[in-house]
Number of protein chains: 2
Amino acid sequence: MADLLSVAKLAGVSRATAARAFSSPDLVRPATREKVFNAAQQLAFRPNKVAQQLRSQATQMIGVMVPSLDNPVFAEQLQAMEVAARAAGYSLIVTTSDYSPSREGDIVEEMLRQRVDGLVLTVAEADNSAVLEKLRLEKTPCLLVYNPPGNSGFPSIGVDNRAASADATRHLITLGHQRIGMVAGPLLQSDRAQQRFDGYCHAMGEAGLIARPLVEMARHTQADLKILMTALQGPEALSAVICTNDLLAISLMGELQRAGFNVPGDLSVMGFDGIALGKHLYPSLCTIEQPRADIGRTAVHTLLAMIRGEECTPAPLPHALRQGESVGIPTSRKSTSSTS
Amino acid sequence: MADLLSVAKLAGVSRATAARAFSSPDLVRPATREKVFNAAQQLAFRPNKVAQQLRSQATQMIGVMVPSLDNPVFAEQLQAMEVAARAAGYSLIVTTSDYSPSREGDIVEEMLRQRVDGLVLTVAEADNSAVLEKLRLEKTPCLLVYNPPGNSGFPSIGVDNRAASADATRHLITLGHQRIGMVAGPLLQSDRAQQRFDGYCHAMGEAGLIARPLVEMARHTQADLKILMTALQGPEALSAVICTNDLLAISLMGELQRAGFNVPGDLSVMGFDGIALGKHLYPSLCTIEQPRADIGRTAVHTLLAMIRGEECTPAPLPHALRQGESVGIPTSRKSTSSTS
DNA sequence: TAATACAATGAGATCGATCTCATTTATCAG
DNA sequence: CTGATAAATGAGATCGATCTCATTGTATTA
């Protein structure tokens, strides 16, 4: 409520002096400074950031757009971003796009109007994105998260999805699995899902195994589940599946168990993301762990560097294979020692 | 970059007219309006929200503070808030307090400086909160979420924790459970945990059963788990436990299963919150579902009403008991028909 | 055509903090 | 004690949009 001018008046000095008392106290005589502080105290003065932002042409705000907060991958990344941003004196404006291009557009436009100092985005497809196209013409620093760098022209923070997925596949192969499939959620088109599928294909080929087509579980409907179940039976039955994300892996695992399958006995299930909850399940989820917190922190620090005008070409962050009880030795071999 | 003044110049009109072309087009002659729009187009004019905010003394921003985004309850609530806020033309500044009073204080101060139009907070203890005490003196509308209304003096959005917890307890009792315990996470002191324990005690007493002291699982350490395991054995062994939140229930369930217990065979486990993931687990989590999305939406709408100056005394939102496979008939009765 | 009403536009102040530049006051050396 | 250098302070402009009030312009009617 009370503004600097009132404080200045009460203290008997000019606005300039009052302002200095706060921003550069050493330029003000101690006695004067005290008078100003006292006046500020009495009036419960609280500096108006909006005015500061207008004047300084910098908002100390970062615009964040994630697809959804219902997926813990994004929530966990955001948690880390918030801490890092706050530590640096920045605030986050958080938005969700639901992967909708039109929402993406509206959101970014809105944030640019708000004059955020920088943007951290996760889009559906970085290579073919209207928003990014538009942003290329703007001077506002922009950083992608989770999206592969590709040829979008924007720096990107995340893991090497292809390599990570190949690692996951190799892990299963090492355990003796040969009939390995990959299951994707509704966002088949997402650039990450694509890369993860590539990595899977690569690792399969490398081992002389045949990669199967991506199974799509659009929604967790019964129909989709049946299709998958079918793939789990017969001579060509899968012994392991990799899901393109943990949420999918967890619900798939639940459905399978509910349908009478044993995980990993009948089928090993791997996830991708490394959400915290996966560790506590039983069977615990074997997955590729993306360093979500690290990704969030790095995103903030990189963006701040960009805001300072530094050139940034961040390297992919390291992923890790998190062992878990949801993956085991394939049944065919196991069957010699124990039969269900 | 380009401001209204440049647009006005290029269009050959005054700032006032240019401004009017956007805010009240009908006050401007169509021909003039076109000139302004063309100029704006050419210069890639984008209205500066910061200036509008300063001028209008309203930011159309809502400050949100949650304890953590690592817990899906808050993330899911936030997801709904974001959608509702955006639909109303508001943006969210999102922060996390980690339940730390000092962080709570800093965050709120920061948001007040930012001149947010209102605040939506979830604090550790609403009844004994320094931040709320300070906020009572401010004119900025403030709303609590999840915190029981108590005597904080602020309107609050959430379910009736005591009633919900009693319902959970009665559900178990109805199934035949008698030796029911309650387990809390690290935040014993949280006002919600307290109310949930009260509800449990009430329902137990009502049925003539003895309520046990709250078991604290500070962290998911082995030590804590052993304490709990002990409670599950011997003549006074529990047949069911209610956890004060889903995250805790899920990890407890996992640990129990890993230790060789069967859920719900040996022990029924109930959660509290209703996070989405619980539905997809196996066994699926039986829990009290707080309408997280509804809570988020209602919080935004209520706050907007408060910002408009309306008096608000929101009623508690309805909770629901979500059936789940993690709860079953107590073993003692079951043992007649089948023995492990 | 003159007079009145109303539409369209412009000049200038305002929101709150801060920066530049000019001015005043204090301090030190000679 | 005075001139000179430094320290402290103030006046006013600025950031960008918008509101009030005054003024110019058009239209309607007697």
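Below, all heavy atoms of this structure are taken into account, side chains as well, without hydrogens, waters or symmetry copies. Protein chains get the first letters and strands the later ones, always in sequence-line order, with residue 1 at the start of each.
One finds a salt bridge joining B:Glu133 and B:Arg136 here, because a Lys/Arg side-chain nitrogen approaches an Asp/Glu carboxylate oxygen to under 4.0 Å. For A:Glu109 and A:Arg113, the salt-bridge test passes: some basic side-chain N is under 4.0 Å from an acidic carboxylate O. For B:Arg103 and A:Glu82, the salt-bridge test passes: some basic side-chain N is under 4.0 Å from an acidic carboxylate O. In this structure, A:Glu125 does not pair ionically with A:Arg192, as no charged nitrogen and carboxylate oxygen lie closer than 4.0 Å. Using a cut-off of 4.0 Å between Lys/Arg side-chain N and Asp/Glu carboxylate O, B:Arg86 and A:Glu110 are scored as not salt-bridged.
Of all the residues in residues 29-48 of chain A, A:Phe45, A:Pro47, A:Asn48 reach under 4.0 Å from DNA chain C with at least one non-hydrogen atom.
Remark: the B:Thr59 side chain and the B:Asp117 side chain contain an N/O donor-acceptor pair separated by less than 3.5 Å. Of the N and O atoms on the side chains of A:Gln60 and A:Gln52, not one donor lies less than 3.5 Å from an acceptor on the other residue.
Where A:Ser23 and B:Arg55 meet DNA chain C, the nucleotide closest to each residue was compared, and B:Arg55 sits on the side nearer the 5' end. Remark on DNA chain D: of its neighbouring residues B:Val50 and B:Ala16, the 5'-side contact belongs to B:Val50, judged by nearest-heavy-atom nucleotide. Comparing B:Leu54 and B:Arg15 by the nucleotide of DNA chain C that holds the closest heavy atom to each, the one mapping nearer the 5' end is B:Arg15.
With a heavy-atom cut-off of 4.0 Å to chain A, the contacted part of DNA chain D has its first and last nucleotide at D:dA8 to D:dG16.
At a threshold of 4.0 angstrom between heavy atoms, the contacts of A:Val13 are confined to the sugar-phosphate backbone, with no base atom among them. Residue-level contact check: A:Val28 touches the backbone only, with heavy atoms under 4.0 Å from sugar-phosphate atoms and none from bases.
Annotation: A:Phe45 is in aromatic contact with A:Phe22 [ring centroid separation under 6.0 Å].
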